[in-house]
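Each chain gets a letter, A, B and so on, in the order its sequence line appears, and its residues count up from 1.
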Number of protein chains: 2
Amino acid sequence: MKDGPDLSRIASLVGDPARANMLSALMSGAALTASELALEGGVGLPTASSHLAKLSEGGLVTVASQGRHRYYALAGSEVAAMLEAISGVAASVGPRRVRPGPRDSAMREARICYDHLAGDKGVALFDHLTQKRLLKASGQEAALTPNGRAWFADFGVDVAQLENKRRPLCRACLDWSVRRSHLAGSLGAATLEHMFALNWARREAGSRVVRFTPKGRAEFERLIRA
Amino acid sequence: MKDGPDLSRIASLVGDPARANMLSALMSGAALTASELALEGGVGLPTASSHLAKLSEGGLVTVASQGRHRYYALAGSEVAAMLEAISGVAASVGPRRVRPGPRDSAMREARICYDHLAGDKGVALFDHLTQKRLLKASGQEAALTPNGRAWFADFGVDVAQLENKRRPLCRACLDWSVRRSHLAGSLGAATLEHMFALNWARREAGSRVVRFTPKGRAEFERLIRA
DNA sequence: GTGATACTTTGATTATGATCGAATGGTGAG
DNA sequence: CTCACCATTCGATCATAATCAAAGTATCAC
């Protein structure tokens with residue numbers, strides 16, 4: 001026994017309902033204050049503070065003090081990917097959630113995953129990119145082809161600028177609702193950003209749901225049919 | 001809050017040290033009896049039994065009664081993938097494991113992941129396959145090209161027979177030590193099986209470590225250099 | 001049948017940690 | 001400087017669940 005890294009240490013951090021809810025909220029990619037997270041977690045401020053200290057100590061979240069606020073955020077996309085993986089299992093072996101509900105179906109169609117697009121729409125985009133050989137994916141790695149570079153330029157995303165950053169340009173992130181990959185990395189983030197700028201979609205306040213406008217929906221369809 | 005599936009329910013199952021050790025042991029892919037798992041978990045038989053009941057109830061493991069033995073196994077590769085994802089985070093933000101130790105480096109080189117090859121060797125194989133366009137991977141999905149089919153036939157794996165099974169032929173599984181993908185699915189399992197049959201490697205008793213023989217190491221090198 | 005083995009259940013104990021009220025430490029506004 | 005606000009720390013309470021001993025159930029060997 002005691003092979004490999006200590007699973008239980010990390011898992012038990014996620015294993016508390018209050019902390020799990022906080023982490024879910026942080027999956028939106030936004031940095032939230034302790035009070036906001038207390039609300040999300042359904043606990044009092046002192047309790048939330050103690051939880052956040054543990055998460056921070058455990059390396060799952062980072063904290064940035066800004067004036068009298070302290071902003072908490074996920075420690076990285078790796079943590080986000082892990083949370084998606086757990087969500088996947090929870091959904092498949094899950095408690096057979098009785099009524100999916102409208103919020104749930106909206107989440108399945110399009111949502112934020114850390115900072116990029118997930119759900120049916122995210123997977124559809126990823127599929128299109130790989131099928132048209134605009135993107136070459138192997139496992140969690142992914143790389144743009146020359147054609148892909150042109151495609152994104154045409155769409156309006158400045159790939160060259162993104163490449164200067166330390167963060168990987170393309171990543172494949174496993175989607176919990178569809179169980180297939182969607183585009184992550186700085187390119188994934190920039191793409192979603194651009195869709196917001198084009199007014200194709202907007203975020204629903206206080207949730208991970210991304211709502212497409214009728215126009216946006218049509219344009220998106222056109223984009224991935226072309 | 002209460003977006004998506006219930007993370008904490010699953011995570012808390014993995015969050016207990018005894019259960020985490022048991023699950024780690026099951027990552028070897030073998031089905032183990034309750035007494036063996038009690039040993040792995042470092043707890044008494046009654047305790048282990050209670051843990052196993054919870055894991056089974058939670059859908060993480062399956063149980064098969066055979067005579068007076070009850071064999072427990074991971075519920076599926078999805079659960080295995082989740083455990084690898086958690087391992088990845090645990091390793092990266094980890095408790096700065098002081099001494100990696102020989103066992104650890106052996107695990108990094110080659111180990112069993114559920115039923116296929118993981119570690120440096122597993123990733124090297126996967127890289128070779130995708131680079132030579134023998135395998136086309138996109139996210140967690142992967143598909144053999146015609147060339148790839150020939151390559152595996154040449155190696156000695158009967159692909160056609162594997163395709164009849166319900167289980168997917170190819171999958172990409174994220175490796176916790178290397179953080180890149182290795183080959184999973186029935187093809188991944190059959191490949192490792194064949195390597196054992198060729199005497200290229202054997203399993204170390206009571207652990208996930210796969211030890212390559214000198215001959216096996218050389219042959220493997222040749223295989224992925226060709 | 002009897003005894004032995006493999007496992008689960010029950011019940012009681014104990015330890016861990018989640019929770020909140022009250023007090024404390026910083027930060028910004030006036 | 002003082003007040004208001006955000007957040008953490010402390011202290012005490014309380015609930016959950018991990019643990020094992022002992023008893024119970026089931027299967028196999030003979």
Sequence neighbours excluded, the answer for ring-ring contact (aromatic ring centres under 6.0 Å, His included) partners of B/F152 is none
Residue list, side chain to side chain donor-acceptor pair (under 3.5 Å) with [X], at least two apart or on another chain:
| X | value |
| --- | --- |
| A/R203 | none |
| B/T33 | B/E36 |
| B/S12 | none |

Applied to residues 42-53 of chain B, the side-chain hydrogen bond (donor to acceptor under 3.5 Å, both in side chains) test, sequence neighbours excluded, yields B/R19-B/H51
List every contact pair, protein side and nucleotides 21-29 of chain D side both N or O, where the distance is under 3.5 Å.
none

With a cut-off of 3.5 Å and sequence neighbours excluded, list every side-chain donor-acceptor pair involving residues 189-200 of chain B.
| residue | atom | partner | partner atom | Å |
| --- | --- | --- | --- | --- |
| B/T191 | OG1 | B/L187 | O | 2.7 |
| B/H194 | NE2 | B/F155 | O | 3.1 |

Applying side chain to side chain contact (heavy atoms under 4.5 Å, CB included) to B/A38 and not counting sequence neighbours gives B/A48
Side chain to side chain contact (heavy atoms under 4.5 Å, CB included) filter on A/A110, not counting sequence neighbours, yields A/L117, A/K121, A/V210, A/F212
By nearest-heavy-atom nucleotide on DNA chain D, the more 5' of A/R70 and B/L45 is A/R70
Between its two end axes (five pairs each) the helix from C/dG1-D/dC30 to C/dG30-D/dC1 turns, nearest 10 degrees, through 30°
Base, sugar-phosphate or nothing for B/Y71? Non-hydrogen atoms, less than 4.0 Å. nothing
Contact check, residues 31-38 of chain B vs DNA chain D, heavy-atom distance under 4.0 Å, returns none
Residues passing the salt bridge (Lys or Arg N to Asp or Glu O under 4.0 Å) test with B/R217, sequence neighbours excluded, are B/E109
